[in-house]
Amino acid sequence: MEIFRNWSGSMVFTPGEVCTPESEDQVCELVKKATSEGKKIRVAGAGHSSSPLVRTSDYLLSLKHFRGVEDPDLNNHRATVPVGMTVKEAGKDLFRYGLAMHNTGDVDVQTLAGAIGTGTHGTGVELANLSAMLHGVRMVNGKGEIVELSRDTDPETMRALQVSMGSCGIFLKMRLQLEPVYQLYRKEYCVSLRDCMDNLEDLKKNRNFDFYWYPRTDLCKIRIMNTEKDKMPDISYGSLELERKGPSHEILPRERDIKFDEMEYVLPGEKAMDCFLEVRQRVKKEFRRDVAWRLLIRTIKKDDALISPMSGRESVTISLHHNAGLRFWHYFQAIEPIFLKHGGRPHWGKKHTLKAGQLKEMYPQWKEFQETRQKFDPENTFLTPYMHELFISDE
Ligand SMILES: Cc1cc2nc3c(=O)[nH]c(=O)nc-3n(C[C@H](O)[C@H](O)[C@H](O)COP(=O)(O)OP(=O)(O)OC[C@H]3O[C@@H](n4cnc5c(N)ncnc54)[C@H](O)[C@@H]3O)c2cc1C
């Protein structure tokens, strides 16, 4: 019996069997086997989600053998990335072909398939989450058949598959819409919260901008990136803490050695700062002592994936970080109603308490998503009890 532990250690389970297929045929056979036995099958990437998306007592797949960028197309800036590759590995390989992703999240150790599957995002008002790169996909559906789809031929279905958490099929390869390689300049400053708030609209004009707020000191760290040196602002009201430049895949992500648990909500842009100020008030009043760490605020461009948390809304995310190993639910559950009051949608891969009843009210195209999902997986082979609660019924 092999125990599965996510990155922070807050989600632990024992799958019935861990499988590491080496060929597409083996993936098809495993799905057929699970379906014929009435069992469930989930695929795990790098274990960086802390919601139990991959939890199963039946089959858990790792596709770590599916690697190596294929078919680079330098005219249309596209390439195919097999699903065993991490964001870091894909970034390095793509760079060799003169291609780059438009953004990454804060780290690059997730698999790109896992990151796309949950709508993982970085920051930047003009930059959509990573799933927006998904131009086409080769996958195994719930009947164990290989299906190939692309935005050219099946744009509506692709909008369902874009953020689907392995619930429609097991992705094998992803055709991505990329960009020519580019350099980034990065600067980080320590500023007062007041200065950060007063200059927010200007700060948002940078290609990438986000900020951490530290409850104990009421100070912020702002992080800014641009493609041209001339566009880098000189922040006279802050102290410069870091300055770097290099190819985008090296500059966008950071290393993380301190482990933490996280709740992140995606808010409609116009309501987000009111929400942040209310969260801040609550944190200062009740949690300043035990929340030793920080909150992260980011901006993200809207997309049109059916159940992407940024679907149809220019968005701002607010995330609560709490050191791994410490009790976090009392804090997260106290703040979650504030996110909900302001129209927040939870990040699919982080802690939240929502189930189908609440989630379906948040997504105007929820029904269309569920219908497409059902077509690909008629026997519900990918729907574990948690996924059932999330998508179908809380009862
Ligand atoms: C330290 C840290 C930093 C993070 N930073 C950010 C950030 O900056 N921005 C952000 O938005 N999120 C962030 N996250 C969340 C993280 O990006 C997501 O949870 C992501 O989904 C994790 O990818 P993974 O490879 O670990 O996949 P998993 O967590 O293992 O899986 C995620 C989902 O993808 C599905 N999946 C995986 N592979 C496949 C496949 N081949 N076919 C179909 N479905 C598949 C799984 O079934 C599951 O539903 C962070 C998490 C951590 C721990």
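Whatever order the structure lists ligands and atoms in, that order sets their numbers, starting from 1.
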Enquirer: Mind jotting down which protein residues get a heavy-atom contact under 4.0 Å with ligand 1? Chain and number order, please.
Expert: W7, R42, V43, A44, G45, A46, G47, H48, S49, L53, V54, L63, V83, G105, D106, V107, Q110, T111, A113, G114, A115, T118, T120, H121, M165, G166, G169, I170, F171, F260, R298, H347, G349, K350
Enquirer: Looking at F13, I'd like to know if the NZ or CZ of R55 sits under 6.0 Å from its six-membered ring centre while staying within 45 degrees of the ring's axis.
Expert: no
Enquirer: Only one of R223, K221, R254, R186 forms a salt bridge (charged side-chain N to carboxylate O under 4.0 Å, His left out) with D210, so which one is it?
Expert: R223
Enquirer: Could you verify whether a donor N or O on one side chain and an acceptor N or O on the other, from H342 and E278, lie under 3.5 Å apart?
Expert: yes
Enquirer: Can a donor-acceptor pair be found between the side chains of R207 and Y182 at a distance below 3.5 Å?
Expert: yes
Enquirer: Check the pair M387, S167 against side chain to side chain contact (heavy atoms under 4.5 Å, CB included), reporting the backbone distance first and the verdict last.
Expert: CA-CA 8 Å; M387 295 301 288; S167 67; 4.1 Å; yes
Enquirer: Test side chain to side chain contact (heavy atoms under 4.5 Å, CB included) on K173 and F66; report intermediate values, then the result.
Expert: CA-CA 8 Å; K173 292 178 182 180; F66 291 66; over 6 Å; no
